[in-house]
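Throughout, numbering of the chain's residues begins at 1 and tracks the sequence. Quantities reported herein were computed from a predicted structural model and do not represent experimental measurements.
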Amino acid sequence: MNRVRQGAERLLHRNRRTLRKNGKDYHFTCPDDIMYQGQWLWDSCFHVMALRWFDPDFAKNELRSLVSGQWPDGRIPNMVHLRPFYRRFEHFTGRDTSGITQPPILADAVWGIYEITGDRAFLEEMFQPLCRYHDWLSVDRDPDGDALISVYHPWETGIDNSPRWDTIFGVDPAKFKRWKFNIPKTKLIMLFNFVSGYRSERMRRVSLFDVEAIDMNCYYCRNTATLARIAGELGDGGLREKYELRSEDTAQAINTKMYDPATGAYYCLEGRGERMLKALTPFSLLPLYAGIAAPDRAERLIAHLSDPGTFWTEYPVPTVDIKHPAFDQVQYWRGTVWVNTNWLMVEGLRRYGRQDMARELALRTIAMVDRSGFREYYDPFTSQGHGAGHFGWSSLVIDLIETLDRES
Ligand code: GLC
């Protein structure tokens with residue numbers, strides 16, 4: 001374990017970047033030193049969960065750098081400190097950030113640092129940006145007012161080419177080609193650039209992708225509850241209550257609208273008619289991580305996770321049910337294993353008192369990274385690594401190891 005841990009620390013040092021802009025320095029970790037330069041929203045939050053154990057000061061700076069990209073309306077973009085290439089050819093926002101967003105897990109990242117450092121001043125510093133960010137999500141991204149937030153581009157979920165989106169884009173799973181799928185996604189960005197100017201209601205109008213995603217809503221629900229906790233810690237009872245109620249509303253909406261009793265799992269809702277997108281992926285199990293599934297539902301979710309014919313492969317957790325026609329053991333988010341997904345599953349299992357299974361999953365994840373290095377994604381049967389070669393959030397093994405150590 002020491003070897004993996006040291007490797008993870010080296011990786012996070014290797015991917016460190018410092019940028020000087022308008023007389024200020026920004027420090028962050030890029031997801032990969034070749035494929036993903038710049039700073040990404042949810043990647044940074046995962047980096048921080050690892051960094052906090054050995055360099056909490058850098059972790060704080062990473063979040064400061066991220067929040068420096070916040071827009072006046074409160075949104076936090078999926079990419080900040082965009083390189084000139086992206087500014088010139090992809091995201092025309094008039095800033096050096098993109099205009100779309102990504103999973104809202106920032107409150108947990110802030111809290112994760114606080115847990116270790118007890119630094120109240122940092123909590124205070126992050127509190128206003130967090131409130132503005134969550135208020136933007138709850139207003140701009142909930143156009144039908146049902147307490148579920150919407151996304152208008154697959155990139156906003158971070159799960160770019162999940163088979164969940166196949167029916168929306170008319171993709172035949174048997175003929176899926178990653179480069180082909182990039183065309184409609186880039187077209188959407190062009191529409192946001194030229195037609196909607198990144199105004200949420202117009203983005204919704206022009207986008208063929210209008211989804212209340214189960215994963216986004218579970219992150220949102222849990223992180224709104226974390227924000228309430230931060231408000232409470234800072235002595236603001238009013239805001240604590242506001243965010244607690246908001247999180248409860250979202251939990252209730254997830255449980256009422258997104259659960260399918262026939263298959264015992266939760267799914268995304270698409271379009272104004274809220275059609276269920278019934279592809280089973282581990283993201284269907286995230287109500288465990290959010291802690292909002294009633295015990296009987298949690299049992300069914302855990303049964304999917306532990307089923308060797310669904311998700312419990314040699315190296316779990318494939319990002320699609322292995323029985324699904326689109327499942328592909330080497331293709332990006334269409335069936336490979338990602339360390340962040342496993343980390344979320346471990347977190348969910350712990351929340352539901354399944355320490356043994358959580359431990360087993362953490363150990364297999366650590367073994368996978370030890371065998372194959374800090375890759376972007378892995379084969380669920382052989383652990384062979386694919387994609388980026390020095391991928392930042394695979395360093396989450398540090399957090400897994402730390403938690404295992406504390407439990408034993
Ligand atoms: C890919 C992933 C996305 C991640 C980004 C940077 O686009 O799908 O989730 O944030 O790379 O690592």
Side-chain angles (χ1 to χ4, degrees), residues 1 3-12 14-15 29-36 40 42-43 46-47 49-50 103 157-164 176 178 215 279-286 289 304-324 326-349 357-401 404:
M1 286 219 198
R3 184 175 54 208
V4 191
R5 206 201 140 109
Q6 281 163 10
E9 289 188 17
R10 265 201 308 279
L11 167 86
L12 288 169
R14 174 191 174 119
N15 290 5
T29 314
C30 60
D32 180 73
D33 55 354
I34 297 169
M35 281 171 68
Y36 304 110
W40 262 262
W42 81 322
D43 296 71
F46 289 128
H47 298 158
M49 297 311 281
T157 64
I159 315 299
D160 306 0
N161 64 358
S162 175
R164 288 183 282 166
F176 179 85
R178 190 163 157 197
D215 34 356
L280 185 62
T281 69
F283 305 101
S284 280
L285 318 181
L286 283 176
Y289 146 93
H304 287 305
L305 186 58
S306 57
D307 179 358
T310 307
F311 292 125
W312 204 257
T313 51
E314 193 58 29
Y315 293 93
V317 180
T319 37
V320 181
D321 171 5
I322 61 172
K323 296 185 297 305
H324 191 281
F327 170 75
D328 184 335
Q329 70 198 74
V330 296
Q331 175 67 265
Y332 213 46
W333 292 105
R334 299 179 71 83
T336 63
V337 180
W338 293 66
V339 175
N340 69 332
T341 316
N342 285 15
W343 183 87
L344 292 164
M345 295 297 123
V346 168
E347 188 71 11
L349 288 168
M357 201 175 155
R359 194 182 156 76
E360 179 62 26
L361 180 53
L363 288 171
R364 289 209 210 179
T365 309
I366 294 161
M368 174 180 81
V369 174
D370 193 27
R371 272 174 71 116
S372 305
F374 294 89
R375 300 301 299 267
E376 192 176 2
Y377 46 95
Y378 304 82
D379 185 312
F381 302 115
T382 66
S383 91
Q384 194 188 335
H386 296 281
H390 303 99
F391 196 61
W393 78 41
S394 295
S395 66
L396 278 170
V397 288
I398 296 181
D399 196 58
L400 295 176
I401 293 171
L404 284 175

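- For the residue pair Trp338 and Thr336, a side-chain donor N or O sits within less than 3.5 Å of a side-chain acceptor on the partner.
- With Val369 as reference, Phe374 is the one residue of Phe391, Phe374, Tyr315 to meet the side chain to side chain contact (heavy atoms under 4.5 Å, CB included) rule.
- Counting only distance, with no hydrogens or angles, the side chain of Ser394 and the backbone of Arg375 share a donor-acceptor pair below 3.5 Å.
- A donor-acceptor distance shorter than 3.5 angstrom exists from the side chain of Asn15 to the backbone of Cys30, with no hydrogens or angles considered.
- Between the side chain of Thr365 and the main chain of Asn342, no donor-acceptor pair closer than 3.5 Å is present.
- Between Trp393 and Trp42, the angle of the ring planes goes over 60°, which puts this pair in the perpendicular group of the 30/60° scheme.
- The shortest non-hydrogen separation linking Val320 to Pro282 is N-CD, 4.0 Å.
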Exercise. Determine, stepwise, if the pair Leu363 / Met1 fulfils side-chain contact (heavy atoms from CB on, under 4.5 Å).
Key: CA-CA 9 Å; Leu363 288 171; Met1 286 219 198; 3.4 Å; yes
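- Minimum heavy-atom separation, Thr310 to Pro318: O-CG, 4.1 Å.
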Quiz item: Does the pair Asp32 and Glu376 meet the rule for a side-chain contact (heavy atoms from CB on, under 4.5 Å), with working shown?
Solution: CA-CA 9 Å; Asp32 180 73; Glu376 192 176 2; over 6 Å; no
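- Among all heavy-atom pairs drawn from Gly158 and Pro103, the shortest one is N-CD, 4.2 Å.
- Between Arg178 and Asp328 no salt bridge is recorded (no basic side-chain N to carboxylate O distance below 4.0 Å).
- Under the side chain to side chain contact (heavy atoms under 4.5 Å, CB included) rule, Trp333 has a single partner from Thr157, Thr281, Thr319, which is Thr319.
- For the pair Leu286/Met345, a side-chain contact is recorded, criterion being any heavy-atom separation below 4.5 Å from C-beta on.
- No side-chain donor-acceptor contact under 3.5 Å links Asp379 to the backbone of Val330.
- Just one of Leu11, Val4, Thr29 meets the side chain to side chain contact (heavy atoms under 4.5 Å, CB included) condition when paired with Ser395; it is Leu11.
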Exercise. Before giving the answer on side-chain contact (heavy atoms from CB on, under 4.5 Å), spell out for Leu280 and Lys323 the whole-Å C-alpha distance, their side-chain angles and the decisive distance to 0.1 Å.
Key: CA-CA 9 Å; Leu280 185 62; Lys323 296 185 297 305; 5.8 Å; no
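- For the pair Glu360/Leu349, no side-chain contact is recorded, criterion being any heavy-atom separation below 4.5 Å from C-beta on.
- Distance check, rounded to the nearest 0.5 Å: CG of Leu361 to CD of Glu347 gives 12.0 Å.
- Atom CZ of Phe176 is separated from atom CZ of Arg334 by 4.5 Å, given to the nearest 0.5 angstrom.
- Within the model, atoms CG of Leu396 and CD1 of Ile366 stand 11.0 Å from one another, a figure rounded to the nearest 0.5 Å.
- From Phe327, atom CZ reaches atom CG of Asp321 across 9.0 Å, with rounding to the nearest 0.5 Å.
- Contact record, Val346 with Ala362: CG2-N, 4.1 Å, taken as the closest heavy-atom pair.
- Using modelled atom types, one side-chain atom of Ser372 and one backbone atom of Ser383 make a donor-acceptor pair closer than 3.5 Å.
- Taking the six-membered ring where tryptophan is involved, the planes of Phe46 and Trp343 are perpendicular, since the angle between them exceeds 60° and thus also 30°.
- To the nearest 0.5 Å, atoms CD (Glu314) and CE (Met368) are separated by 12.0 Å.
- Across Arg3, Arg5, Arg364, a single residue satisfies salt bridge (charged side-chain N to carboxylate O under 4.0 Å, His left out) together with Asp370, and that is Arg3.
- Of all the heavy atoms in Pro380 and Thr313, the pair that sits closest is O-OG1, 3.2 Å.
- When every heavy atom of Tyr378 is checked against every heavy atom of Gly373, the shortest pair comes out as OH-O, 2.6 Å.
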